Amino acid sequence: QLSSSFYSSTCPNVSSIVRSVVQQALQSDPRIGASLTRLHFHDCFVNGCDASVLLDQGGNITLSEKGAVPNNNSARGFDVVDKIKSAVENSCPGVVSCADILALAAEASVSLGGGPSWNVVLGRRDGVIANQSGANNSIPTPFESLANITAKFAAVGLNITDLVALSSAHTFGRAQCRFFNQRLFNWSGTGSPDPTLSPSYVASLQQRCPQNGSSGTTLNNLDPSSPDTFDNNYFSNLINNRGLLQTDQELFSSNNTVTISLVNSFAGNQTAFFEAFVQSMINMANISPLTAPQGQIRSNCRKLN
Ligand code: HEM
Ligand SMILES: [Ca+2]
């Protein structure tokens with residue numbers, strides 16, 4: 001029921017409007033494309049792609065997804081989503097959903113970052129509930145096993161190829177020390193760093209994230225080799241023991257022949273990687289969309305109508 005021509009008569013320029021606001025935001029914040037891409041992921045994994053992640057707490061929203069562990073003091077870009085929404089409302093009032101804006105913003109972010117472009121199918125409507133416990137339970141954490149992460153992807157209909165392809169979104173953006181510092185000094189009680197981290201990389205991360213240091217909010221590039229570019233360096237990093245999160249490195253360093261061979265093939269073939277990434281983004285963007293007469297077109301992405 002979603003279609004790439006959904007707004008062709010009601011808002012024919014919606015893609016270029018979204019793209020130009022993202023492009024403008026990138027001028028002052030080179031990280032914003034990564035942050036917007038992550039919002040789409042955190043939206044789609046909880047109640048499907050229905051913009052539930054954007055709802056502020058208050059009124060009928062008693063427990064927001066913004067307050068869930070994976071998002072609190074971590075998810076960002078909500079102000080830019082508001083800017084996109086205003087620009088879209090200016091041209092086409094009342095027709096484009098916030099859920100579609102997140103899908104379009106993710107595509108714009110990836111392509112403006114140097115990655116592939118694709119046609120985004122549209123027509124999602126915005127949900128009327130937030131699901132904080134769903135966000136806590138369904139969004140993968142960076143501390144779990146490959147088997148657990150695979151199960152969380154399977155729970156929303158995504159397979160192991162989708163997992164490997166989509167994890168490459170960590171080719172751009174940042175992560176706070178608190179999401180990987182368990183690997184740096186005393187990995188699983190061994191008194192040593194995670195052996196699947198390269199010694200030179202661990203040394204530089206230990207400097208940035210000292211053991212008895214601050215609150216763990218210091219930011220680090222997820223892809224140390226090309227921090228703001230959407231490329232397949234993510235996979236060569238894994239081969240070189242330079243995956244930042246435990247769950248990144250597990251794709252190559254667990255005994256899973258499927259993920260290892262996908263990492264090797266994506267590292268060696270940018271075209272194959274881009275094709276797989278696009279297909280998996282389309283798969284993710286199709287998780288349980290709401291279509292008319294369900295849901296609504298929010299006039300403010302943060303609030304129910
Ligand atoms: C496979 C399981 C995944 C885990 C465990 C995971 C975990 C994380 C964590 C812990 C961060 C750092 C957050 C912070 O420091 O505040 C992060 C950042 C990010 N994640 Fe993931 N993630 C996963 C999959 C994905 C997927 C599927 C996408 C998108 C398709 C994605 C896109 C991003 C991006 C772009 C960033 C950087 C955001 C920014 O700089 O604002 N991640 N992820
Ligand atoms: Ca990169």
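Here, residue 1 is the first one in the sequence, and each next residue gets the next number. In each ligand, atom 1 is the first atom listed, and ligand 1 is the first ligand listed. Model, not experiment: these values are computed from the prediction.
Protein residues having a heavy atom under 4.0 Å from any atom of ligand 1 are R31, A34, S35, R38, F41, S74, R76, P140, T141, P142, I149, F153, L163, L166, S167, A169, H170, F172, G173, R174, A175, Q176, F179, L222, L245, T247, listed by chain and number.
A salt bridge is defined here as a Lys NZ or Arg NE, NH1 or NH2 lying under 4.0 Å from an Asp or Glu carboxylate O, and R124 with D43 fails to meet this definition. By the 4.0 Å N-to-carboxylate-O rule, K66 lies close enough to D56 to be salt-bridged with it. Ionic pairing of D29 and R76 is present here: one or more N-O contacts between side-chain nitrogen and carboxylate oxygen are shorter than 4.0 angstrom.
Listed by first and then second residue, the disulfide (SG to SG under 2.5 Å) pairs that reach into residues 112-199 are C177-C209, sequence neighbours excluded.
Between F274 and F230, the ring planes are tilted. Angles from 30° to 60° get that label. Between W118 and F277, the ring planes are perpendicular. Angles over 60° get that label, and only those under 30° would be called parallel.
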